Amino acid sequence: MDADILQDMVFRVLGGLGLFMLGMEFLSDGIQSLAVARMRQILERFTTNRIFALLTGTFVTGVIQSSTVMTVMVVGFVNSGIVTLEQAIGLIMGANIGTTLTTVFVALPIGKWGLPVIGVAALVYLFVGRPKIRYAALALLGLGMIFYGLDLLTSGFRPIRSAPAMMEIFTWLSADGYGGILLCVLLSALVTAIIHSSSATVGIVMGLGASGVMDWHTALAFTLGADVGTTATSYVAALNLSPNARRTAYGHMAFNVIGVLLMLPLFPLSLKLVAWALGGDPGAAVTAADGTVSHPLVPIAIASYSTGFNVFNTAVMLPFVPLMARILSKVGQGQGEDDELSVPRHLFAKALEEPETAVRLLEREQVRFQQALPALLSAGRSEGSRPDESRKAGVRAAALHTALGSLAREIDDFAGNLCKRPIPPPLVPVLMRVLQSQDHGRALERHLFDFARELGGEPLSPAGRSFADILVEALDAVLLESLAALGSGDTDDLRMMRSMIGDRGGAAARLRQGYLEADGGIPLTERTRLLAALGLAESALWELARLLNLRLGEESGAQAGSSGDGGAVSGEALPPQARPVELDALPAG
């Protein structure tokens with residue numbers, strides 16, 4: 001093959017694949033920005049049984065065009081108890097059908113319109129200020145990039161037909177028997193698992209088929225394999241999730257894998273059905289006016305087959321959903337039922353319709369947030385003085401901090417939506433106490449994370465590590481006891497912990513004074529780090545004291561405000577007793 005032709009082919013294939021993938025991302029992002037909140041409410045309302053769950057999952061995924069986002073929402077609903085595992089499996093089945101809508105649309109032979117669509121959508125996105133119009137333009141821009149990227153892929157693959165050596169490879173990869181079908185499925189699954197994108201696999205296969213490099217029945221076998229390979233992403237993502245989240249992801253895997261296994265012996269029959277549905281041979285060549293030869297029905301055959309496969313798979317598997325749910329419910333039993341902290345467990349949109357219930361659920365989610373805070377100290381604690389141990393401790397603390405930050409944003413969003421609704425006057429003080437407590441909790445979380453990060457950075461000397469361990473153990477003990485008192489609500493326990501923490505002359509000040517007076521052989525370069533950690537410990541204890549005061553009902557107006565940024569309600573929107581504190585009221589250090 002001539003070097004110039006090879007270069008042109010590589011450039012077109014790489015550019016086309018990149019545009020195709022980026023277009024899928026833009027299309028999904030634009031649509032989600034417009035509709036994901038409303039779709040979440042629809043999911044909550046219409047999942048009363050597995051049939052409704054299936055239809056709802058199909059519709060919502062067809063709208064937002066992201067099975068990943070759909071899966072994340074379903075996992076959150078399962079953790080929150082909004083939907084059962086059985087209903088979640090129905091939603092996942094519907095998501096598999098709904099996600100094929102883009103494939104069907106993209107398969108239409110309108111690639112020549114890709115560039116003008118990109119141009120118009122880009123101009124609108126750049127020069128129109130209204131958010132909804134910009135999001136719609138972003139989705140349209142993504143669609144144009146998909147069309148044009150697929151067109152580039154098709155033209156880029158055409159020179160392969162004139163290279164006998166390369167054509168022999170595709171001749172060898174032919175689904176002309178059950179062995180060839182299985183080989184194509186396994187190879188496609190492997191490629192999809194490696195690149196973590198079934199969209200990329202489908203785009204490449206569409207380009208190969210439309211250019212005539214790959215025959216259409218082999219392209220369908222590769223499409224089947226992409227459905228298996230995409231479950232690898234679910235498997236990897238489920239490894240660090242809660243048991244219910246893992247069960248939902250495993251249900252997704254089981255659905256796709258079992259469906260492909262059922263389809264393999266029926267593959268020859270499915271080829272005849274596709275040919276019959278398209279009214280002839282999908283591999284028929286079409287010669288354009290400029291002499292180029294293409295096979296425009298192959299992408300349509302791929303899209304039709306993908307949709308048909310998921311509909312068939314759902315029809316076969318739907319009666320067995322209760323059995324699948326019972327089997328999956330046994331997965332992970334006895335291994336602990338830790339929650340995925342980034343996902344709310346108690347909050348859901350329907351609760352907003354009943355303000356009193358919503359406030360109680362908000363309080364329960366806030367308590368859940370606070371009860372996870374001691375894990376920050378454990379995650380950031382280094383078990384030794386080696387650099388790799390310090391790095392691992394830092395990674396654990398950062399992951400937990402990210403999860404808690406996500407949960408805090410969910411709590412803030414829920415609280416913000418609740419504040420927009422009419423609240424009965426007797427419930428307002430309760431809501432304000434909950435919001436203040438959440439602000440204090442968020443500030444406490446940030447102080448604890450900074451504290452863990454300060455001590456979990458560079459390894460400390462034995463003397464420095466000894467003092468750091470004492471500091472961590474002291475803070476951990478006070479934190480655990482304080483949270484236990486907050487959880488029980490016992491007035492004596494609350495007052496005892498408040499007295500133990502004290503004010504600026506309390507426990508933290510005594511620790512600081514003892515540290516400043518002691519030498520202990522700690523290197524000077526480490527003393528500044530430990531001093532900073534002491535300051536953060538003081539700030540954390542001060543926030544604990546404010547939480548205890550708030551629970552006791554003794555916090556003064558000057559101390560009752562939000563100490564953290566990003567709260568659910570702004571300072572101007574709060575009553576006078578809930579305004580932010582002044583800077584001079586903050587703890588020293």
Side-chain angles (χ1 to χ4, degrees), residues 43-44 46-62 67-68 70-101 178 181-182 185-186 189 192 198 220-221 223-235 237-238 241-270 273 305-335:
L43 279 175
E44 293 177 8
F46 299 101
T47 54
T48 53
N49 58 57
R50 63 181 185 270
I51 302 296
F52 280 136
L54 169 66
L55 297 175
T56 304
T58 302
F59 171 73
V60 171
T61 310
S67 57
T68 301
M70 175 70 177
T71 303
V72 169
M73 288 194 291
V74 172
V75 167
F77 295 155
V78 173
N79 272 343
S80 302
I82 300 172
V83 299
T84 64
L85 186 59
E86 180 178 327
Q87 293 165 349
I89 295 172
L91 288 171
I92 293 296
M93 289 180 171
N96 274 18
I97 298 175
T99 197
T100 62
L101 178 62
Y178 285 110
I181 297 170
L182 185 59
V185 169
L186 292 177
T192 304
S198 59
L220 297 192
T223 305
L224 201 61
D227 280 327
V228 177
T230 194
T231 62
T233 303
S234 299
Y235 175 77
L241 298 182
S242 66
N244 271 337
R246 290 198 296 272
R247 290 163 189 153
T248 305
Y250 294 157
H252 182 208
M253 293 172 57
F255 175 70
N256 280 18
V257 172
I258 293 174
V260 170
L261 292 176
L262 290 174
M263 180 58 68
L264 284 177
L266 300 175
F267 189 76
L269 176 61
S270 66
L273 289 175
Y305 182 78
S306 179
T307 303
F309 162 71
N310 283 289
V311 170
F312 168 79
N313 194 14
T314 299
V316 171
M317 297 288 293
L318 192 61
F320 300 98
V321 167
L323 175 62
M324 185 183 296
R326 286 197 298 271
I327 294 173
L328 290 171
S329 65
K330 300 182 183 299
V331 175
Q333 284 188 348
Q335 299 178 5

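The shown structure was predicted, so the numbers you read here are calculated from the model rather than taken from an experiment. For this chain, numbers begin at 1 and follow the sequence in order.
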Indicate the atoms forming the closest heavy-atom contact of [X] with [Y], along with that distance.
X	Y	answer
Thr314	Met93	OG1-O, 4.0 Å
Ser306	Thr223	CB-CG2, 4.2 Å
Pro319	Ala315	CD-O, 3.5 Å
Gly229	Thr192	C-CG2, 3.7 Å

**Request:** Using side chain to side chain donor-acceptor pair (under 3.5 Å) as the criterion, list what pairs up with Thr307, not counting sequence neighbours.
**Result:**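 Thr307 satisfies side chain to side chain donor-acceptor pair (under 3.5 Å) with Thr100 only.
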**Item:** side chain to side chain donor-acceptor pair (under 3.5 Å) involving Asn310 - partner list, sequence neighbours excluded
**Value:**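 Scan of Asn310 (side chain to side chain donor-acceptor pair (under 3.5 Å), adjacent residues dropped) gives none.
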**Prompt:** Distance-only, no hydrogens or angles: does the Ser270 side chain make a donor-acceptor pair with backbone N or O of Phe267 under 3.5 Å?
**Reply:**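 Judged by distance alone, yes, a pair lies under 3.5 Å.
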Point-to-point distance, once rounded to the nearest 0.5 Å, from [atom1] of [X] to [atom2] of [Y]:
X	Y	atom1	atom2	answer
Met263	Phe312	CE	CZ	5.0 Å
Leu264	Leu224	CG	CG	6.0 Å
Met253	Ile258	CE	CD1	11.0 Å
Ile327	Phe320	CD1	CZ	10.5 Å
Leu318	Asn313	CG	CG	10.5 Å
Phe309	Asp227	CZ	CG	5.0 Å

**Request:** Take atom OH of Tyr178 as the centre, draw a 6.0 Å sphere, and report whether it contains more than 12 heavy atoms from other residues, nucleotides or ligands.
**Result:** yes
**Complete:** side-chain contact (heavy atoms from CB on, under 4.5 Å) with Thr58: of Val60, Leu54, Thr56, only one passes, and it is Leu54
**Message:** Can you pull out every side-chain hydrogen bond (donor to acceptor under 3.5 Å, both in side chains) where at least one residue sits in residues 254-269? Sequence neighbours excluded, please.
**Reply:**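 Applying side-chain hydrogen bond (donor to acceptor under 3.5 Å, both in side chains) to every pair that reaches into residues 254-269, excluding sequence neighbours, yields Asn96-Asn256.
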**Asked** Below 4.5 Å, heavy atoms only, C-beta onward: do Phe255 and Ile89 meet side chain to side chain?
**Response**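 No - every pair of side-chain heavy atoms lies 4.5 Å or more apart.
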